[in-house]
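A quick note: this is a predicted structure, and the numbers were derived from the prediction, not measured.
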Amino acid sequence: MTSKLAGTAALVTGASSGIGAATARQLAALGASVALVARRRDRLEALAVEIENAGGTALAIEADITDCAQAQAAVDRTADIVNISSIAGRVAWNGYGVYNLTKFGVNGFTESLRQEITQRHVRVGVLEPGGVDTELGSHNTPEVRGELIDPFYEQTKVLAPEDVADAVAYMVTRPRHASIAELWIMPTDQA
């Protein structure tokens, strides 16, 4: 455990799996006290125990952040907000219309939020990874996997949730005067 984020608290939504869990581990390893928020209490509690066994501090909060009252109850005070979107918010992917639209919405929401609250000394940023291997991939139809996903995976070293967590840690550990407005991370060619 390092102390780069000692004395800070991090609220990580979607912390019960994938990118959220990896981000919580990374921020705790940097010294932040981590509030883990998601709907799956059993996974949250297991992750809290894992973080505490590694010397960190974690609190499991079962909440559905799509419910405004539950989200408000989970949030006390935040110094940095990093919304994780996707490069799909900027580049349309055939067969992923709804996904593209939601990521475009996250980008727009983040920009609006940034304009509304930056004067309160709260930094707001969006992280737009491209090509991350998450649970979302298990929902693809065989046709979509064969036409779009598999060829991409064959040519590319796909990002892991831990790569996204590293990028979030990079954003929130920047000096307070530095902007965290936007960061793209992309997979690399396999060659």
Side-chain angles (χ1 to χ4, degrees), residues 1-86 102-103 105-106 109-110 112-114 116-129 132-136 138 159-176 178-183 185:
M1 294 272 166
T2 65
S3 60
K4 202 168 194 176
L5 293 176
T8 65
L11 178 110
V12 180
T13 59
S16 62
S17 65
I19 293 169
T23 300
R25 286 184 193 99
Q26 177 70 307
L27 296 177
L30 290 170
S33 296
V34 183
L36 311 169
V37 181
R39 294 178 292 222
R40 297 179 274 192
R41 184 159 204 60
D42 56 331
R43 289 187 179 187
L44 288 175
E45 289 174 351
L47 181 57
V49 168
E50 176 188 331
I51 288 170
E52 289 173 357
N53 287 342
T57 303
L59 171 67
I61 303 170
E62 183 178 13
D64 181 350
I65 64 160
T66 63
D67 179 299
C68 289
Q70 289 184 40
Q72 185 62 40
V75 177
D76 182 52
R77 181 173 165 256
T78 304
D80 292 324
I81 298 171
V82 177
N83 286 326
I84 299 174
S85 181
S86 168
T102 60
K103 296 308 178 180
V106 168
F109 169 75
T110 302
S112 296
L113 186 62
R114 181 183 307 110
E116 289 177 25
I117 67 172
T118 53
Q119 56 273 34
R120 297 184 200 158
H121 304 289
V122 175
R123 297 187 304 177
V124 179
V126 64
L127 173 60
E128 299 177 76
V132 181
D133 192 15
T134 66
E135 290 180 13
L136 177 64
S138 67
L159 299 169
E162 292 76 16
D163 297 320
V164 177
D166 288 344
V168 170
Y170 167 78
M171 291 175 82
V172 300
T173 57
R174 292 180 48 85
R176 294 302 307 160
S179 170
I180 63 168
E182 186 172 4
L183 179 65
I185 57 172

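Across all non-hydrogen atoms, the minimal contact from A15 to A38 is N-CB, 3.9 Å. Taking every heavy atom of both residues into account, A32 and A10 meet most closely at CB-CB, 4.3 Å. Taking all atoms of both residues into account, the shortest heavy-atom contact from A169 to L27 is CA-CD2, 4.1 Å. In plain terms, the two heavy atoms of A28 and I51 that are nearest each other are CB-CG2, 3.5 Å. When every heavy atom of S86 is checked against every heavy atom of K103, the shortest pair comes out as CB-CG, 3.7 Å.
Between S85 and the choices T110, L127, V126, the side-chain contact (heavy atoms from CB on, under 4.5 Å) rule is met once, by V126. The only member of V168, L47, V34, V82 that meets side-chain contact (heavy atoms from CB on, under 4.5 Å) when paired with V12 is V34.
Using a 4.5 Å heavy-atom threshold, the side chains of T173 and L30 count as touching. For the pair I61/L36, no side-chain contact is recorded, criterion being any heavy-atom separation below 4.5 Å from C-beta on.
Under the side-chain contact (heavy atoms from CB on, under 4.5 Å) criterion, A160 pairs with E162, D163, not counting sequence neighbours.
There is a side-chain donor-acceptor pair under 3.5 Å between S17 and R40.
Atom CE of residue M171 and atom CG of residue D166 lie 13.5 Å apart, to the nearest 0.5 angstrom.
With respect to the salt-bridge test (charged N to carboxylate O, under 4.0 angstrom), the residues R25 and E50 qualify.
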